[in-house]
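What follows is one structure encoded as structure tokens, with my remarks underneath.
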Amino acid sequence: MPELPEVETTRRGIEPHVRGRRIADVRVHDSRLRWPVRLPPLGGREVVAVTRRAKYLLFALTEGTLLLHLGMSGSLKLVPRGTAPAKHDHVDVELDSGSMLRLTDPRRFGSLHYVADAPAQHRLLKRLGPEPLSDEFDGAYLHARSRGRKVAAKSFLMDAHVVVGIGNIYANEALFTAGVRPTRRAHRLSAAQCDRLAGAVKDTLAAAIRHGGTTLRDFVGGDGQPGYFRGELEVYGREGDPCVRCGTRLMGIRTGQRATVYCRKCQR
DNA sequence: CCCAAGACCTGGCGGC
DNA sequence: TGCCGCCAGGTCTTGG
């Protein structure tokens, strides 16, 4: 579930409770995530920073980095040390504050790695495209990268090697905002459409992060699940409903195995 | 390199 | 009420 705005909201929620704290111990209750969790002893190291790259959270330690992906259903919460683990709790990072950071992931699509050296060179991060909210990502970049690409515009936007952090929900939304049909082949996108798409991606994600910030749950003892941006979604999950702009019934199709919703009148 | 499809996993839902 | 099948989602992997 976590799309980029939720990962960023999670980061902001836990960072004040984690940064500057020393790890007392790490307990792996269930190592079965996307890849088996294997961690060296980390007791005594301090969490120096909590940053985000794409949908990964990076916990920089005095030595080494913990690289976490929440997958589809992963979440983090802070609970008192000693709280018994429940069914889908995988890892507890016990801190010297008396709290521990608990990773829960029912569907086990998430991952957790310990990286000894430069995390940016890790195989999972090395080939990722730019951050969508960075200056590097703009219409000119999108246009250049889309030349020669025959995939649907939506699949192209969701390709993390092109630009990171755009999941199914926000891909649908950004395409609607930009007035671009999801099935349009990437190489047929005009420069103007690429400009609108890049702008729409930035606006959509920034608004969702802002929204997450305002509804930030209490990560201490709470369920740790920041709410979706549901109320604001204009096309995702609205197949058959009227387009908010022109009233036409929204189309529901599948592109690249993913649910796609669009307005055939507003999006070309 | 490019692209499509497969794989992974389980809670929740619709249908019977 | 219970059971079954299907869907959702991200991204790595495989095969053409």
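Chain identifiers are assigned alphabetically (A, B, ...) following the order of the sequence lines, protein sequences preceding nucleic acid strands; residue numbering begins at 1 within each chain. These numbers come from a predicted model, not from an experiment. Because only heavy atoms are used, hydrogens play no part in the values below, and waters and symmetry mates are left out as well, while side chains stay in.
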Checklist entry - Is the A:H113 ring parallel, tilted or perpendicular to the A:W35 ring (thresholds 30°, 60°)? => result tilted
Checklist outcome for this item: A:L128 atom CG is separated from C:dT11 atom P, nearest whole Å, by 8 Å
Next on the checklist: Just checking A:R27: does its CZ atom have more than 12 heavy atoms from other residues, nucleotides or ligands closer to it than 6.0 angstrom?
Outcome noted: no
Checklist entry - Between A:S75 and A:T104, do the side chains contain an N or O donor and an N or O acceptor separated by less than 3.5 Å? => result no
Item to check | Contacting residues from residues 117-127 of chain A, given that a heavy atom lies under 4.0 angstrom of DNA chain B | outcome: none
Item to check | C:dG10 phosphate, OP1 or OP2, under 4.0 Å from A:Y170 side-chain N/O | outcome: no
Next on the checklist: Using a 4.0 Å heavy-atom cut-off, does A:R254 contact any base of the nucleic acid, only the sugar-phosphate backbone, or nothing at all?
Outcome noted: sugar-phosphate
Next on the checklist: What's the closest nucleotide to the side chain of A:K55 if the choices are B:dG6, C:dA8, C:dG10?
Outcome noted: C:dG10
Checklist entry - Counting side-chain heavy atoms from C-beta on, which of C:dG10, B:dG6, B:dC3 comes nearest to A:Q257? => result B:dG6
Checklist entry - Would you call A:D159 and A:R149 a salt bridge, using N to O less than 4.0 angstrom? => result yes
Checklist entry - Could you state the CG-P distance from A:D159 to C:dT13, rounded to the nearest angstrom? => result 15 Å
Item to check | Pair A:R19 + A:E46, salt bridge at N-O below 4.0 Å | outcome: no
Checklist entry - Taking 4.0 angstrom as the limit, do A:E131 and A:R53 come out as a salt bridge? => result yes
Checklist entry - What bend angle does the helix from B:dC2-C:dG16 to B:dC16-C:dG2 show across its length, from five-pair end axes and to the nearest 10 degrees? => result 50°
Checklist outcome for this item: Heavy-atom contacts, protein to nucleotides 7-14 of chain B, under 4.0 Å, summarised as B (base), S (sugar-phosphate only) or - (none) per nt, yield -BBBB---
Next on the checklist: Mind checking if A:F156 touches a base, just sugar-phosphate, or nothing, with heavy atoms under 4.0 Å?
Outcome noted: nothing
Checklist entry - Within 45° of the six-membered ring axis of A:F176 and under 6.0 Å from that ring's centre, is NZ or CZ of A:R245 located there? => result yes
